[in-house]
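Let me begin by presenting the structure, written as structure tokens, before commenting on it.
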2 protein chains.
Amino acid sequence: MGFHETFKALADPVRREILTYLKQGEKSAGDISDQFELSKATISHHLSILKKADLVYERKEKNFIYYGLNTSVFEELSLWVTQFKKGHNE
Amino acid sequence: MGFHETFKALADPVRREILTYLKQGEKSAGDISDQFELSKATISHHLSILKKADLVYERKEKNFIYYGLNTSVFEELSLWVTQFKKGHNE
DNA sequence: TCGTAGTTTAGATATTTATCTAAATAGATA
DNA sequence: TATCTATTTAGATAAATATCTAAACTACGA
């Protein structure tokens with residue numbers, strides 16, 4: 001997946017809130033769902049977009065699927081942003 | 001303008017290419033337009049979104065409108081990304 | 001003040017996206 | 001095996017978005 005999916009994924013406020021929630025650590029799809037007044041199907045859709053963008057990983061355990069932050073993609077994103085900051089011209 | 005406009009603005013590949021082109025320095029709307037196989041109206045639309053998101057500024061001179069990178073918003077964006085990197089938990 | 005060059009605005013259209021409900025799947029346990 | 005729980009998939013709809021052409025605006029120069 002290229003940067004395009006990453007930016008598309010970050011363009012939605014719900015998805016950014018999910019990422020913020022995951023800073024607490026791994027959470028199941030149900031846990032995440034409970035944080036929002038949206039259907040489980042909708043959250044599942046958002047999670048799949050975050051997963052395609054490699055912003056989160058999933059880990060299956062028993063009946064649950066746990067999601068967690070994929071820090072490496074944020075590192076790359078950070079590099080991309082840096083090129084536009086002062087003192088990084090050309 | 002909050003972060004939302006910033007992320008929405010970055011979600012489009014044409015707008016990201018415009019930003020990359022502006023790393024060279026200020027460019028007129030026409031210059032920018034010449035870089036893409038899109039109508040001037042379409043480029044104008046993208047520029048207005050980048051402007052609303054504060055990612056670029058505009059400067060009028062003579063008949064021209066010059067656009068340039070607004071580095072301060074990239075600084076803020078950089079901070080936002082940092083919180084998701086390793087060692088910045090909770 | 002008229003014309004022209006640079007740019008934006010208006011209006012239309014096709015595509016994408018966020019959301020829902022209902023149905024399907026997968027895995028654990030009784 | 002039957003059932004329950006957690007989650008995803010399918011299908012539909014409404015809203016948002018990227019693009020175009022044509023028209024309008026703005027400011028300079030003749």
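Bear in mind the structure is a predicted one, so any value in this text is a computation, not a measurement. Convention: sequence-line order gives letters A, B, ...; per-chain numbering from 1.
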Just the rounded figure in Å: distance from [atom2] of [N] to [atom1] of [X].
X       : N      : atom1 : atom2 : result
A:Phe36 : C:dT19 : CZ    : P     : 10 Å
B:Arg59 : C:dT7  : CZ    : P     : 12 Å
A:Ile65 : D:dT5  : CD1   : P     : 17 Å
B:Ile18 : C:dT7  : CD1   : P     : 13 Å
B:Phe64 : C:dT8  : CZ    : C1'   : 16 Å
B:Lys60 : C:dA5  : NZ    : P     : 21 Å
B:Leu50 : C:dT7  : CG    : C1'   : 16 Å

* Hey, is the main chain of B:Trp80 close enough, under 3.5 Å, to the side chain of B:Gln83 for a donor-acceptor pair? -> yes
* **Connected hydrophobic set around A:Tyr66, excluding itself, where side chains approach under 4.5 Å** => A:Phe64
* To do: Spell out, yes or no, whether B:Val73 and B:Tyr57 are grouped together once hydrophobic residues are joined by side-chain heavy atoms under 4.5 Å, including indirect joins.
  => no
* **A:Lys51 charged N/C atom sitting above A:Tyr67 aromatic ring, 6.0 Å / 45°** => no
* Would you say A:Leu10 and A:Leu19 make side-chain contact, with heavy atoms under 4.5 Å? -> yes
* To do: Would you check if B:Ile32 and B:Leu22 make a side-chain contact, meaning some heavy-atom pair closer than 4.5 Å?
  => yes
* Asked: Is the shortest side-chain N/O distance from A:Tyr67 to OP1 or OP2 of D:dT8 below 4.0 Å?
  -> yes
* **Distance below 4.0 Å between B:Ser28 side-chain N/O and C:dT7 OP1 or OP2** => yes
* Structure fact -> Interatomic distance, CZ@B:Phe74 vs NE2@A:His88, rounded to 0.5 Å, equals 12.5 Å
* **Salt-bridge present (A:Glu17, A:Arg15; N to O < 4.0 Å)** => no
* Sugar-phosphate or base contact per nucleotide [nucleotides 16-21 of chain D; S, B, -; heavy atom under 4.0 Å] -> -SSBBB
* Reading nucleotides 24-30 of chain C from the 5' end, what letters show protein touch, with B for base, S for backbone sugar-phosphate only, - for no heavy atom under 4.0 Å? -> ---BSS-
* Asked: Is there a side-chain contact (heavy atoms from CB on, under 4.5 Å) between A:Leu69 and A:Gln24 once you walk through the steps?
  -> CA-CA 10 Å; A:Leu69 291 177; A:Gln24 294 180 14; over 6 Å; no
